[in-house]
A.B. asks: 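My questions will all concern the structure given below.
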2 protein chains.
Amino acid sequence: MKETPRWLTPAERDGWRGLTRMWERLSGRVARHLQSESSLSTAEYTVLVHLTDAPDGRRRTADLVGSLEWEKSRMSHQVSRMMKRGLVVREECPQDGRGAVVVITPAGRDAIAAAAPRHVEAVRRLFVDPLTPEQLRAFARIANRVLEQLDERPM
Amino acid sequence: MKETPRWLTPAERDGWRGLTRMWERLSGRVARHLQSESSLSTAEYTVLVHLTDAPDGRRRTADLVGSLEWEKSRMSHQVSRMMKRGLVVREECPQDGRGAVVVITPAGRDAIAAAAPRHVEAVRRLFVDPLTPEQLRAFARIANRVLEQLDERPM
DNA sequence: ATCCGATCGTTGACTTGTCACCTACATCCT
DNA sequence: AGGATGTAGGTGACAAGTCAACGATCGGAT
């Protein structure tokens with residue numbers, strides 16, 4: 001005998017559906033834009049950004065996994081694909097025999113340099129600029145609150 | 001000779017990264033929860049919900065495509081997979097010789113009935129409840145604004 | 001009636017992400 | 001040292017989505 005569930009109110013439902021719809025459409029658009037303008041997938045772009053964040057363009061795989069919050073197998077597959085496309089190379093890690101280091105190639109640098117301005121432009125056009133500064137701040141607070149909750153809840 | 005791009009300010013960057021992080025982690029959690037508690041994927045759940053919205057549990061494929069804003073090929077693949085699992089069946093459409101109608105099966109009804117309360121519970125725990133009602137309203141407005149913009153912008 | 005463009009839906013090839021599992025190395029403890 | 005335990009990373013099978021192309025049908029204009 002179960003209690004009757006607390007269904008979502010219309011306002012709550014609007015919030016949740018707003019999130020899913022917004023994300024599905026927005027991320028699709030941004031991804032397509034990036035792909036057609038710069039021949040990079042969102043995942044490739046993200047990895048390259050994190051590599052260029054390091055001064056020498058090299059990072060431990062586990063480090064990338066940590067900051068992107070990806071599954072490690074996802075990262076491994078992704079890096080393999082990016083190696084095939086010549087955007088990065090894998091090197092052994094001197095300090096840790098298990099480890100691997102991902103290094104951006106010159107081609108990778110060219111790709112990200114060409115892609116970044118257009119990508120930022122798209123993010124701006126479709127997400128940042130339509131919102132007021134207060135909305136943007138409110139949004140960031142909301143996201144942080146939800147992320148906090150995800151961390152707290154074991155599940 | 002290109003102009004120097006308008007990079008994102010830290011606040012803007014927080015907003016955008018907040019969105020991507022929140023979505024990646026939240027949707028992953030909710031999906032895993034749904035899968036482990038109810039053996040349904042998010043996509044299956046969504047389709048079943050839209051089918052049960054219709055009183056007789058049947059809907060034109062194009063109709064589903066329209067309300068979910070999916071690619072039609074995605075819907076076609078999805079329905080095929082769901083047929084294999086016995087959640088839905090496909091029928092011919094009497095009015096339109098090209099058309100197909102997707103119909104929920106009793107097993108599909110059982111699955112969604114069992115899944116819905118727990119799924120709603122998870123959405124509530126991880127997204128709705130942590131936010132204040134004002135935040136939720138603000139969020140819905142933000143999402144609508146972004147969706148509007150997506151419609152207006154040709155690209 | 002027929003022709004033509006638009007719509008409906010499916011398919012196959014390809015890309016991406018997940019899961020379960022495996023190996024190799026590191027670390028800690030006695 | 002030796003053995004348990006944990007961590008880094010890769011692999012293969014699979015689920016899911018995208019894209020381009022296709023066949024079939026509909027509907028309006030001629």
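Labels below follow one simple rule: chain letters A, B, ... track the order of the sequence lines, proteins then strands, and each chain is numbered from 1.
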A.B. asks: Whole angstrom is fine here: how far is it from CD in B:Glu91 over to P in C:dT10?
C.D. replies: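 Atom CD in B:Glu91 sits about 13 Å away from atom P in C:dT10.
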A.B. asks: Are the side chain of A:Arg118 and the backbone of A:Glu37 linked by a donor-acceptor contact shorter than 3.5 Å?
C.D. replies: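 Confirmed, A:Arg118 side chain pairs with A:Glu37 backbone.
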A.B. asks: Round to a whole Å and report the spacing from CG of A:Asp96 to P of C:dT23.
C.D. replies: 19 Å
A.B. asks: Mark yes or no for whether B:Arg59, through its side chain, and B:His50, through its backbone, hold a donor-acceptor pair below 3.5 Å.
C.D. replies: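 Such a contact is found between B:Arg59 side chain and B:His50 backbone.
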A.B. asks: Nearest 0.5 Å, please: how far is CZ in B:Arg58 from CG in B:Leu51?
C.D. replies: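 Reported value, rounded in 0.5 Å steps: 10.5 Å.
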A.B. asks: A:Leu68 has an atom CG; how far is it from atom C1' of C:dT18, in whole Å?
C.D. replies: 17 Å
A.B. asks: Rounded to whole angstrom units, what separation is found between the CD atom of B:Gln95 and the P atom of D:dG27?
C.D. replies: 11 Å
A.B. asks: When every nucleotide of nucleotides 10-18 of chain D is labelled 5' to 3' by its protein contacts under 4.0 Å (heavy atoms), B for base, S for sugar-phosphate only, - for none, what sequence of letters results?
C.D. replies: BBBB--BSB
A.B. asks: Tell me yes or no: between the side chains of A:Ser41 and A:Arg81, is some donor less than 3.5 Å from an acceptor?
C.D. replies: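 Not at all, the side chains of A:Ser41 and A:Arg81 share no donor-acceptor pair under 3.5 Å.
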A.B. asks: Name all residues meeting the ring-ring contact (aromatic ring centres under 6.0 Å, His included) criterion together with B:Trp16; count only those two or more places apart in sequence or in a different chain, and write none if there are none.
C.D. replies: A:Phe127
A.B. asks: Whole angstroms only, please: what is the CG-P distance between A:Leu64 and C:dG17?
C.D. replies: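 In whole Å, C:dG17 P lies 14 Å from A:Leu64 CG.
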A.B. asks: Calculate the interatomic distance between A:Leu40 atom CG and C:dT16 atom C1'; express it in whole Å.
C.D. replies: 15 Å
A.B. asks: Would the number of heavy atoms belonging to other residues, nucleotides or ligands and lying under 6.0 Å from CD of A:Glu92 be above 12?
C.D. replies: no
A.B. asks: Take atom CD of B:Glu24 and atom C1' of C:dT18, then tell me their distance rounded to the nearest Å.
C.D. replies: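 Atom-to-atom, B:Glu24 to C:dT18, this comes out as 13 Å.
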A.B. asks: Rounded to the nearest Å, what distance is computed from the CZ atom of residue A:Arg59 to the P atom of nucleotide D:dG9?
C.D. replies: 13 Å
